[in-house]
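Presented below is the structure to which this report refers.
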Amino acid sequence: MVDVSTGTGLIAIGAGLAVGLTGLGAGMAEKDVGAAAVGAITEDPGLFGKAMIFMVLPETIVIFGLVIAILGIFVMNV
Amino acid sequence: MSLPESMSRIVIVGTRSRIDEAIDALYSVGAVHLIDHITGADEGFSIGHSRPYTSKASERLLKVRAMEKELSIDKHTKAPSVPFDEISRKIESGGVESVDEEVYRVIDERNRINQKVTELNARKTDLETLSVLPVDLDLYSGYESISVLVGAVSGDPSESLKALESAECFISADRKKGGAVAVFVRNDDKDKASAILSDYGFTEMSVPEGKGPAAEALSETEAAVAAAEADLVAVGEQIEALREKHKTFLKAAEERLSITVEQGSIPLHIATSDYSYVVDAWVPTKQTAAVVDGITAVLGDSVHMEVQEDRGRNLHESEEAEERFKEAPTKMKNGNYGEKFEYPTKLVSVPKYQEIDPSILIGIFLPLFFGFMVGDVGYAIPFIILGAYGLKVAKNKDWRAIATVLFFGGIWAFLFGLFFFGEMLGMHFIGSQTATSTTWEVLLGVTFPDWFNGVIVGIGKLHEVTFLLKLSVYIGIVHLMVGYVCGYINIRMQHGNKAAFFEKGGWIITFMGMVLVCWALTEILFNGRPVEGDFMYITLVGVALLVAGVAVNFKTEKIQAILELPGIVGNILSYTRLAAIGMSKAGMALAFNYIAIFMVADGLGGMAGIIVGLVVFSFCHLMVWTLAILSGGLHALRLQYVEMMSKFFVGGGKLFNPLAIRHKQTKPVSSQETVSAKKSTTEV
């Protein structure tokens, strides 16, 4: 059993929520974009680059979540 | 930051009697991008007709392609290339026709046998059904007052058929396979019998011709099917032999004839009158003289050429031009290194003639970002090897693009891994062991020389988190600034300084202001720095720049100027992925190393521990390495596409596509042979 304080535990939970919830959000956004992108690429493979741009737009949210989690865990000295 | 090659528009006028030579000359200079003539654009001229030799060549091309399809020769079939004049001579002397005759003799034979096999198989199926009935084949027909109903049934109709008084029934019922029935009835009772049988899923069949029991006929038919199939195999071998024999000729002939047809159709793109032709074309400005000389050398006095304009980058020039001359084609010019990264640019769009081609910027930043995110010697070396191998063997442009990124990205990853992070497979080279991680020095039991310690900075990906996040943000600021400046240069080129200032200059000022204000805010909020002295002035400058930038933008973009502000912060923060993805890789590597070294190798102990530990170690790192391609590559590319290129890149240009013979299956002829080959061009 690792002995940690309540505050540390809360930070760890917060970090988990930050990554988990943003991941969920990005996933929900990307499912629509991805489906449309695959459809568009089937029609015209030349659209791949543009489709990819739209496809990767929402995953910035996860990166923000990840950064917050990292800041929480490492910078706040858990 | 390179612009597409400068283009000039030239017009070539000549006598129609020498048009074939002119077409050859246009192809031989290899730098002429035709502008399609539009009916009615020039008085007295109309779109020309294809050359007389085109129809014969098209007919032959059709034959060649049909034969290729029959012999399953496609673009993946490998065949040696043939000298251009040799294939021309062969085609000219009726090569296509004689091969066509030879091939189709065999193909027709194959089709005939195929048909025979189909017929025999149908007969076999019928006979199989009838073979269960004890009636000879010749007894099924030849009656005047009796009707015969023969076919398959799904149930057993014996009971129901008893209702027919004077019927002779032969029934064979089988639950699984289904049964067969033959009913001999008076002509008057035929309808009645049909009605009874239809309740049992009766499907009538026609009795195959023949004599004696159906079983005997069945074995004869089976023997005939086997014989026909053997014939088919033999013909298949003949076709295979023909494929080997003629694939070189057919592939070369297809290429040669396609060129002839393409050349013969050139008059459909240009203007012609009764006695002359006019060609409008784009030529790279620096090649104009060479093109003029090249064409004059062939046509001498019977051609006149004039440079109409040297197209500049200002959009007013294009807007004033005639519709067909509005858009100059884009010939990307990025040097040896940059051209390797034209593919990612083209994935988004071809740059316009009047804008900066981002390929070289992608070439600089994409491998750099990829390398920074991977930042590990152990992962870098396989990347470099894989990339170099890919560049050597890959022909497909998608694979080549991936190999390019892996190779150059691998080099950066190696440099960052060795000098900056001082890390291999998630473990530092130097340092001491802790509870959860170890170093190569401890693991190998060696001490690296002092000079080695000196060159390594040794940033811990999971220790100096704040520093790495800040570094990523600074890299982002530089990268975004490059994007904004390119945007400014583009608009300045297209519309002049004033437009550039209001459209892009405002954003540059806003961006600088935002950077300073954000920096000041973090200092105040996180570090509690008092607002005084130099810091106060810097903060004030930041606020002033921000306000000024928004004011400038407000003139052109209205409320959007304010709404976009959080977007700038989002863009900058987006670069923290550089550190975050590096950290996630390091985190995974740390966990896997802990499992392999501390839990497995130390836990099991002895030789077995080391072996199992090594297996776990290799497998886990292979996983991290594979993930690095996906996350590192995609995120590095995204930062180019979304963050940087959206600041300046519009795209939608038209690629420069000069008339030229592209040899794949044919070999170019030497200069002495060229003349004879060209003569035959017109005859083929």
Side-chain angles (χ1 to χ4, degrees), chain A residues 1-4 8 11-12 14-27 29-34 36-78, chain B residues 343-350 358 362 373 398 401 435-436 460-470 472-473 476 522 526 567 569-584 586-587 630-631 633-646 649 651-652 655:
Chain A
M1 190 70 188
V2 187
D3 189 19
V4 289
T8 311
I11 289 175
L17 286 176
V19 175
L21 291 179
T22 49
L24 203 62
E30 282 193 358
K31 81 163 199 256
D32 295 337
V33 185
V38 170
I41 295 170
T42 318
E43 289 269 316
D44 177 5
L47 288 172
F48 176 81
K50 286 197 177 103
M52 204 197 101
I53 293 179
F54 290 120
M55 183 69 213
V56 298
L57 275 180
E59 39 87 341
T60 309
I61 311 166
V62 193
I63 300 292
F64 290 164
L66 185 63
V67 170
I68 295 298
I70 289 169
L71 279 176
I73 290 176
F74 292 101
V75 182
M76 293 173 84
N77 283 326
V78 174
Chain B
Y343 180 76
T345 307
K346 283 184 198 159
L347 267 188
V348 180
S349 189
V350 174
I362 295 178
M373 282 189 262
D398 299 276
T436 51
K461 280 181 191 163
L462 295 172
H463 299 108
E464 291 166 69
V465 175
T466 322
F467 167 72
L468 284 177
L469 285 177
K470 274 186 189 167
S472 307
V473 168
T522 42
F526 289 110
V569 183
N571 273 337
I572 298 172
L573 285 182
S574 185
Y575 285 83
T576 50
R577 75 184 67 219
L578 290 176
I581 286 167
M583 273 175 235
S584 65
L630 280 178
S631 57
L634 269 183
H635 284 277
L637 191 61
R638 174 228 146 91
L639 288 176
Q640 316 302 320
Y641 281 176
V642 182
E643 269 73 20
M644 181 185 71
M645 275 160 72
S646 65
F649 187 69
L655 261 190

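Here is the naming used below: chain letters follow the sequence lines, and residue numbers restart at 1 for every chain.
Of the atoms belonging to B:T345, not a single heavy atom falls under 4.5 Å from chain A. For B:H463, no part lies under 4.5 angstrom from a heavy atom of chain A.
Chain A is approached within less than 4.5 Å, heavy atom to heavy atom, by B:L573, B:S574, B:T576, B:R577, B:A580, B:I581, B:M583 from residues 573-583 of chain B, ordered by number.
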List, one per line, each side-chain donor-acceptor pair under 3.5 Å for residues 61-74 of chain A, sequence neighbours excluded.
none

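Under a cut-off of 6.0 angstrom, the local environment of CZ in A:F54 is sparse, with at most 12 non-hydrogen atoms contributed by other residues, nucleotides or ligands.
When all heavy atoms are compared, the tightest approach of A:T60 to B:R638 is OG1-NH2, 2.7 Å.
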